[in-house]
Amino acid sequence: DAVLSRISLCPHKAGMDSVNKNKTDEVIRSMSEGSRFYDNERRKAAQTAQRVQVMKSRAAVLSTGALQQAEAMASAFERQLETERDLSRVIVHCDADAFYAAVELRDQPHLRGKPIGIGGIGMLSTASYEARKFGVRSAMPGYIALRLCPELILVKPRFHAYEAASRQLQAVMAQYDPNFRSVSLDEAYLDITDYMARLTPGDVAQLPPLTTVADPPLVQEANSADSKPGMATDSAGARNLTTLEGRALAARVVHQMRTRMHETTQLTVSAGIACNRMLAKIGSDQNKPDGQFCLPADRAAILAFLANMPTRKIPGIGKVTEQILRELDITNCQALLQQRALLKLLFTPISFDFFMRSALGIASNNTRKRSERKSIGHETTFRELNQVPDLEDKCLHLCHKTALDMERKALLGRSVCLKLKTVDFKVKQRSVLLPAHTADEPVIKRAALGLLHREL
DNA sequence: TACATACAC
DNA sequence: TATGGTGTATGTA
């Protein structure tokens, strides 16, 4: 049953209310059990359980003195982090709703109202909201999805259409922040601080009223403030964007942006508004689909927002870390803070730092594009192959595609990494460092074949 | 440096 | 019958 936490539906995802989780998990389990995939998941679950055991036995022998010392260090660290807290920027996370599926429903009207999954028998990349009611999810094999929802219609992905729609969404976002950071076809971060500072009273008058913005009470309280004449400004006459009314204005700006995105693409986008990327990202999930959420630029409001937030909602905490924390009775951010001494002693400094920042809502607000890529490659899954020449062919083909991409993008690399997956889903990686940077196809091929033959 | 694991989309 | 592909970060030896 430790394996269940790996294969079952994540209960924190939006739209779970109408799903019969027990029934769905039972279907997933019964369809998976006995497969080589399931066996491998069991192996990995046992490994995690072992990790947890080691942690628990370390925790059991901690002296009160050690815990007190750790508590003091954690407390000092928290004070240090508070000095880094920056409430000054207005960060927006935009996330298109069920993006691939929404594009298909837009372009194929006969599919509307029906549950659809984008992908094939082997794997789905997106499920429409209709399909999600049945427990169908992205990253779920199509044949399991069909068992959960026999009416499900599988739709082959049309990436060119998604790319075109993505470009249209990005064109709207660029009006608000030309330096926005896109993270995928359907997600991006914006910093609209400067845009808001430039708004003239005329611009503000054009914005939709706050009353049309579906936001939580925290910001709706700003409604009354908003109706007061004028807005707080500093001595230079600049808007103070960290006040509730400043955030109410942000909510109106984002609502306008979402409306424009919908007008140009007929797609809906959800958004989160906060003072950093992490909080904005959590926010964009709060009122999905076609909703937005604005978190005040205020320490107390941030801590209150996070207190009961499940750890799994924190970007960077996946099913494994969630499980490990749960075994330590830590399921939300409040518990992360309360158990900080234990976390300090059981986890690495990097993990401890990450947990504390997450629980306090202190994170990066940098939305500029990330500098440069660190790797490039191709992989593909194929049916069981035993013949050496067949494996060599696969390897050479992947090298060819990679070398082509490298040439197209004018990139060089110095390390060649071969990834192998066995029929029982075990993954091996073998790598070699070349004497010099290269994009030369024969050089890459020789290196890859060398790694392959080491394993045969 | 080499390899494994976790995570995101 | 049947569980993906691309890329980043981190831990450990």
Side-chain angles (χ1 to χ4, degrees), chain A residues 3 6-7 10 13 28-29 31-41 43-45 47-48 50-51 54 93 95-96 98-100 117-126 137-147 154 157 159 162 166 182-189 277-278 281 284-285 311-325 347-354 358 370-384 398 401-402 405 409 411 413-421 423-434 451 454-455:
Chain A
V3 71
R6 302 184 64 93
I7 64 168
C10 172
K13 281 289 176 189
I28 295 173
R29 192 195 55 75
M31 296 224 41
S32 303
E33 220 166 30
S35 69
R36 292 201 265 213
F37 176 81
Y38 188 84
D39 288 347
N40 190 54
E41 288 301 298
R43 182 183 64 79
K44 290 198 278 188
Q47 232 169 263
T48 304
Q50 172 64 25
R51 246 178 96 182
V54 170
H93 181 250
D95 191 339
F99 183 56
Y100 296 178
I118 310 304
I121 284 293
M123 186 58 59
L124 299 183
S125 59
T126 317
R137 290 292 184 279
S138 58
M140 179 180 275
Y143 64 93
I144 291 183
L146 278 169
R147 186 64 69 90
L154 295 183
F159 287 104
Y162 313 148
S166 181
S182 74
V183 309
S184 63
L185 288 182
D186 67 330
E187 270 187 48
Y189 292 95
R277 288 206 314 258
M278 180 198 70
K281 172 140 176 82
S284 69
D285 198 48
T311 55
R312 186 68 167 82
K313 290 264 190 185
I314 297 169
I317 295 187
K319 35 184 66 171
V320 174
T321 309
E322 177 194 32
Q323 168 76 12
I324 291 171
L325 290 173
F347 289 86
T348 64
I350 290 176
S351 292
F352 174 71
D353 178 284
F354 168 69
S358 303
R370 292 164 30 146
S371 49
E372 71 204 287
R373 73 156 70 214
K374 300 186 173 177
S375 70
I376 187 167
H378 286 280
E379 62 183 79
T380 182
T381 301
F382 43 84
R383 286 206 323 284
E384 182 164 358
L398 294 172
K401 293 214 290 184
T402 303
D405 282 355
K409 299 183 197 321
L411 294 170
R414 200 156 76 99
S415 174
V416 174
C417 179
L418 178 76
K419 177 173 165 179
L420 296 157
K421 184 155 72 179
V423 286
D424 43 8
F425 290 91
K426 287 190 179 121
V427 173
K428 288 184 195 181
Q429 285 201 102
R430 298 291 176 259
S431 64
V432 62
L433 192 63
L434 302 176
L451 293 167
R454 259 169 53 187
E455 301 303 315

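Chain A is the first sequence line, chain B the second, and so forth, proteins listed ahead of strands; every chain is numbered from 1.
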- [ ] Using a heavy-atom cut-off of under 4.0 Å over every strand shown, decide if A:Lys421 touches base, sugar-phosphate, or nothing.
- [x] sugar-phosphate

Open item on the list: Distance check needed: B:dA8 P versus A:Phe99 CZ, whole Å only.
Closed with: 21 Å

Open item on the list: A side-chain contact here means heavy atoms from C-beta on lying under 4.5 Å apart; do A:Arg6 and A:Gln323 qualify?
Closed with: no

Open item on the list: What is the distance, to the nearest angstrom, from the CE atom on A:Met31 to the C1' atom on C:dT3?
Closed with: 11 Å

Open item on the list: Side chains of A:Leu411 and A:Asp405, heavy atoms from C-beta outward: is any pair under 4.5 Å?
Closed with: no

- [ ] Round to the nearest Å and state the distance from A:Gln47 atom CD to B:dC3 atom C1'.
- [x] 13 Å

Open item on the list: If you only use heavy atoms from C-beta on, which nucleotide in B:dC7, C:dT6, B:dC9 is closest to the side chain of A:Val320?
Closed with: B:dC7

Open item on the list: Categorize A:Ser351 for me: base, sugar-phosphate, or nothing, with a 4.0 angstrom heavy-atom threshold over every strand shown.
Closed with: sugar-phosphate

- [ ] Look at all strands and tell whether A:Arg383 reaches a base, only sugar-phosphate, or nothing, counting heavy atoms closer than 4.0 Å.
- [x] nothing

Open item on the list: Go nucleotide by nucleotide along DNA chain C from the 5' end; which of A:Lys374 and A:Arg36 gets its closest nucleotide reached first?
Closed with: A:Arg36

Task: Side chain of A:Tyr143 - closest among C:dT3, C:dT6, B:dC3 - done: C:dT3

Task: Spacing of A:Leu185 atom CG relative to C:dG7 atom C1', expressed in whole Å - done: 14 Å

Task: Secondary structure of DNA chain B in dot-bracket form (Watson-Crick or G-U wobble, distances below 3.5 Å, | marking inter-strand pairs) - done: |||||||||

- [ ] Please assess A:Leu154 against A:Leu124 for the test side chain to side chain contact (heavy atoms under 4.5 Å, CB included), listing each intermediate value before the final yes or no.
- [x] CA-CA 8 Å; A:Leu154 295 183; A:Leu124 299 183; 3.6 Å; yes

Open item on the list: Rounded at 0.5 Å granularity, tell me how far OG1 in A:Thr126 sits from OH in A:Tyr100.
Closed with: 6.0 Å

Open item on the list: Here's a test of your reading of the structure: between A:Ile350 and A:Glu372, which maps to the more 5' nucleotide of DNA chain C?
Closed with: A:Glu372

- [ ] Measure from CZ on A:Arg312 to C1' on B:dA6 and round the result to the nearest Å.
- [x] 11 Å

TODO: Measure from the side-chain heavy atoms of A:Phe37 and tell me the nearest of C:dT3, B:dA4, C:dT6.
DONE: C:dT3

Open item on the list: Should the side chain of A:Ser375 and the base of C:dT6 be counted as holding a donor-acceptor pair, with the cut-off at 3.5 Å?
Closed with: no

TODO: Ignoring backbone atoms, test whether A:His378 places a side-chain nitrogen or oxygen under 4.0 Å from the OP1 or OP2 oxygen of C:dT6.
DONE: yes

TODO: Using a 4.0 Å heavy-atom cut-off across all strands, classify A:Ile7 as base, sugar-phosphate, or nothing.
DONE: nothing

- [ ] Report the distance from atom CZ of A:Arg147 to atom C1' of C:dT1, rounded to the nearest whole Å.
- [x] 13 Å

Task: side-chain N/O A:Arg370 vs B:dA8 OP1/OP2, d < 4.0 Å - done: no

Open item on the list: Starting the side chain at C-beta, find the nucleotide from B:dT1, C:dT6, B:dC7 nearest to A:Lys319.
Closed with: B:dC7

- [ ] Identify whether any heavy atom of A:Gly377 sits under 4.0 Å from a base atom; if not, whether one sits that close to sugar-phosphate; answer base, sugar-phosphate or nothing.
- [x] sugar-phosphate

- [ ] Under 4.0 Å between any heavy atoms, over every strand shown, what does A:Thr321 touch: base, sugar-phosphate, or nothing? Just pick one.
- [x] sugar-phosphate

Open item on the list: Considering every strand and a 4.0 Å limit on heavy-atom distances, what is the contact class for A:Ser32: base, sugar-phosphate, or nothing?
Closed with: base

TODO: Return the orientation label for the A:Tyr189 and A:His93 ring planes: parallel under 30°, perpendicular over 60°, tilted otherwise.
DONE: tilted

Task: Closest nucleotide among C:dG11, B:dT5, B:dA8 to the A:Gln429 side chain - done: B:dT5

Open item on the list: By the 4.0 Å heavy-atom rule, please label A:Lys44 as base, sugar-phosphate, or nothing.
Closed with: nothing

Open item on the list: Over all strands shown, is A:Lys426 touching base, sugar-phosphate only, or nothing at heavy-atom distances under 4.0 angstrom?
Closed with: nothing

Open item on the list: Under 4.0 Å, counting only non-hydrogen atoms across every strand here, what does A:Ile376 touch: a base, just sugar-phosphate, or nothing?
Closed with: sugar-phosphate

Task: Value rounded to 0.5 Å, distance of CZ in A:Arg430 from CZ in A:Arg454 - done: 6.5 Å

TODO: Just call it for A:Arg43: base, sugar-phosphate, or nothing, with non-hydrogen atoms closer than 4.0 Å on any strand.
DONE: nothing

Open item on the list: Run A:Cys10 and A:Lys319 through side chain to side chain contact (heavy atoms under 4.5 Å, CB included) and show every step you take.
Closed with: CA-CA 8 Å; A:Cys10 172; A:Lys319 35 184 66 171; over 6 Å; no

Task: Presence of A:Thr380 side-chain N/O under 4.0 Å of C:dG4 phosphate oxygens OP1/OP2 - done: no

Open item on the list: If I take atom CZ in residue A:Phe347 and atom C1' in nucleotide C:dG11, what distance separates them, rounded to the nearest angstrom?
Closed with: 13 Å

Open item on the list: Taking the minimum atom-to-atom distance to the side chain of A:Phe425, which one of C:dT3, C:dG11, C:dG5 wins?
Closed with: C:dT3

- [ ] Indicate, with a heavy-atom threshold strictly under 4.0 Å, whether A:Arg51 touches base, sugar-phosphate, or nothing.
- [x] sugar-phosphate

Open item on the list: Any base atoms under 4.0 Å from A:Ile121, or only sugar-phosphate, or nothing? Heavy atoms, all strands.
Closed with: base

Task: Flag, side chain of A:Asn40 to backbone of A:Phe425, donor-acceptor distance under 3.5 Å - done: yes

Task: A:Arg51 CZ: over 12 foreign heavy atoms closer than 6.0 Å - done: no

Open item on the list: Using whole Å, what does the distance between atom P of nucleotide B:dC7 and atom NZ of A:Lys313 come to?
Closed with: 17 Å

- [ ] Taking only the side-chain heavy atoms of A:Glu379 (C-beta and beyond), determine which of C:dG5, C:dG4, B:dT1 contains the nearest atom.
- [x] C:dG5

- [ ] For nucleotides C:dG4 and B:dC7, find the distance between their C1' atoms and express it as a whole number of Å.
- [x] 15 Å

Task: Side-chain (A:Ser166) to main-chain (A:Tyr162) donor-acceptor, under 3.5 angstrom - done: no

Open item on the list: On DNA chain B, does the nearest nucleotide to A:Glu455 precede the nearest nucleotide to A:Pro315 from the 5' side, or the other way round? Give the residue.
Closed with: A:Glu455

